[in-house]
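These notes concern the structure reproduced below.
Just follow the structure's listing: the first ligand is 1, and inside any ligand the first atom is 1. Fair warning: this is a prediction, and the values are worked out from it, not measured in the lab. Scope of the values below: all heavy atoms of this structure, side chains included, with no hydrogens, waters or symmetry mates.
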Amino acid sequence: MTIKVGIPRGLMYHVYYPLWAKFFENLEVEVVLSDKTNKKIIDDGVKNCVDEACLPVKIYHGHVINLKDRVDYIFVPRIMSVEKNEFICPKFCGLPEMVKYSIKGIPKLIETTINFRSSRKDLKKIIYEIGSHFTQNMKKIELAYERALGDYHAYKDLIKKGMLPIDILENKSYRNRNSNFRKILLLGHSYTMYDGHISMDVIDKLRKNGCTVITQDSFSSQYINEKANTLDKKMFWTFGRQIIGAGLCAMDQRDIVGVVYLSSFACGLDSVIGDIIERRIRRESNLPFMLLTVDEHTGEAGVNTRIEAFLDMIRWREKNEANFSAHGKHLSIH
Ligand code: SF4
């Protein structure tokens with residue numbers, strides 16, 4: 001009987017799913033992905049997670065519950081750092097414990113620690129630790145990983161060419177390339193922006209309103225780093241650096257007509273990052289900026305109204321005053 005591994009469709013799913021899924025498949029393990037986020041997954045997650053957690057972590061718990069009775073293992077790695085000298089949110093470090101102690105009757109977790117803060121030299125050890133749940137053949141594990149890496153690079157290449165992760169993962173035919181559309185930069189954590197239920201389908205809503213949506217994933221890491229290096233202090237959070245760097249890139253791009261920051265309620269990181277990027281944009285450009293904060297109680301009507309008002313303001317500026325600041329001050333373009 002084939003062994004089944006569940007991968008929750010939350011947190012790092014949009015970043016690493018093609019790598020992890022292919023790795024397991026290459027080891028002849030069946031991958032079961034949790035359902036798309038829905039009301040039940042959110043309700044289960046909220047009920048079975050500590051109150052203090054942010055919305056994406058609660059939803060992740062809902063995805064684990066969605067998988068728990070149909071798999072042999074659930075992949076919940078303890079991700080501490082994915083880049084040298086950087087960290088990710090501390091909530092990721094305690095994720096396996098949070099899940100284990102909050103949800104009853106879960107299958108065995110694959111909770112390997114991933115920490116590349118000092119170097120990536122432990123990568124082989126990590127790969128072997130994960131793979132050894134299914135085989136003791138080191139060569140087979142290495143080969144499975146190398147092949148998966150090839151698929152992962154192909155995924156990243158499609159993103160570099162202008163597709164959004166969600167279009168690739170959900171086989172959407174949409175190509176984010178219509179150069180006649182207004183280009184909006186959407187910023188935020190991947191698990192907030194690309195989860196249609198959490199984000200209230202903000203990407204689809206912008207697209208239906210004649211916008212091309214790009215995100216921090218659309219910029220090269222070199223360009224993002226160059227911009228992030230202009231900050232007074234180094235940003236030690238990997239995702240924070242990427243989001244701020246992309247926001248700063250947007251100020252150079254004359255075809256970007258607005259920036260939307262999608263933030264999760266109760267996310268400490270978002271409150272800091274959103275504030276930094278909003279200040280820089282207000283101070284150094286006349287680019288319209290909108291902060292949208294979502295939580296489990298956010299109503300769709302409110303989000304629709306905010307998006308419509310934001311786009312109305314952009315249209316109005318285009319028609320009337322190309323040099324009228326979105327932030328209350330008159331700026332002139334030379
Ligand atoms: S960065 Fe924010 S949204 Fe993400 S896991 Fe941490 S607290 Fe939650």
Side-chain angles (χ1 to χ4, degrees), residues 7-17 20 34 37 41-42 44-65 74-83 86-103 109 111 113-117 165-166 186-200 202-203 215-217 224 228 231 234-247 260-278 291-298 303:
I7 298 187
R9 204 190 279 254
L11 295 179
M12 294 299 205
Y13 160 72
H14 301 93
V15 185
Y16 293 117
Y17 178 73
W20 293 333
S34 57
T37 304
I41 287 179
I42 295 183
D44 285 346
V46 170
K47 260 187 249 150
N48 290 279
C49 184
V50 291
D51 288 344
E52 299 73 32
C54 59
L55 180 63
V57 167
K58 288 178 180 167
I59 291 177
Y60 189 85
H61 282 61
H63 282 282
V64 170
I65 293 170
I74 302 185
F75 186 52
V76 186
R78 183 191 323 282
I79 305 179
M80 302 180 74
S81 168
V82 291
E83 295 283 346
E86 289 183 353
F87 295 95
I88 60 169
C89 172
K91 299 231 166 82
F92 283 82
C93 312
L95 204 57
E97 280 71 29
M98 282 178 89
V99 164
K100 255 188 289 187
Y101 298 118
S102 309
I103 305 171
L109 298 186
E111 51 181 287
T113 299
I114 297 173
N115 186 357
F116 294 144
R117 191 177 66 85
I166 199 64
L186 178 66
L187 295 174
H189 287 99
S190 58
Y191 38 86
T192 313
M193 292 188 299
Y194 299 133
D195 185 312
H197 205 89
I198 306 183
S199 73
M200 302 272 157
V202 71
I203 293 177
T215 69
Q216 65 262 23
D217 294 317
I224 283 184
L231 290 170
K234 180 172 164 54
M235 171 59 68
F236 291 100
W237 295 317
T238 300
F239 301 128
R241 171 180 52 75
Q242 291 167 348
I243 293 169
I244 292 180
V260 176
Y261 191 107
L262 194 64
S263 139
S264 297
F265 182 73
C267 170
L269 236 67
D270 271 345
S271 55
V272 175
I273 299 164
D275 190 60
I276 294 175
I277 196 64
E278 183 171 2
L291 176 73
L292 264 182
T293 304
V294 287
D295 68 10
E296 58 265 45
H297 308 296
T298 301
V303 172

Checklist outcome for this item: Residues pairing under side-chain hydrogen bond (donor to acceptor under 3.5 Å, both in side chains) where one sits in residues 92-101, two or more places apart or in two chains, turn out to be Arg78-Glu97, Lys100-Glu111
Next on the checklist: For a distance under 2.8 Å, give residue and atom name for each protein N, O or S atom next to atom 4 (Fe) of ligand 1.
Outcome noted: Tyr191 OH
Next on the checklist: Contact between Thr192 and Pro56 at the side-chain level, heavy atoms closer than 4.5 Å - yes or no?
Outcome noted: yes
Checklist entry - Any side-chain heavy atom of Phe116 sitting closer than 4.5 Å to one from Thr238? => result no
Report all side-chain donor-acceptor pairs from residues 266-275 shorter than 3.5 Å, counting only partners two or more places apart or in another chain.
| residue | atom | partner | partner atom | Å |
| --- | --- | --- | --- | --- |
| Asp270 | OD1 | His189 | ND1 | 3.2 |
| Asp270 | OD1 | Tyr261 | OH | 2.7 |
| Asp270 | OD2 | Ser264 | N | 2.9 |
| Ser271 | OG | Gly268 | O | 2.7 |
| Asp275 | OD2 | Arg279 | NE | 2.8 |
| Asp275 | OD2 | Arg279 | NH2 | 3.4 |

Item to check | Counterpart residues, ring-ring contact (aromatic ring centres under 6.0 Å, His included), relative to Trp237 (two or more places apart) | outcome: none
Item to check | Distance, nearest 0.5 Å, that separates CD1 of Ile65 from OG of Ser34 | outcome: 11.5 Å
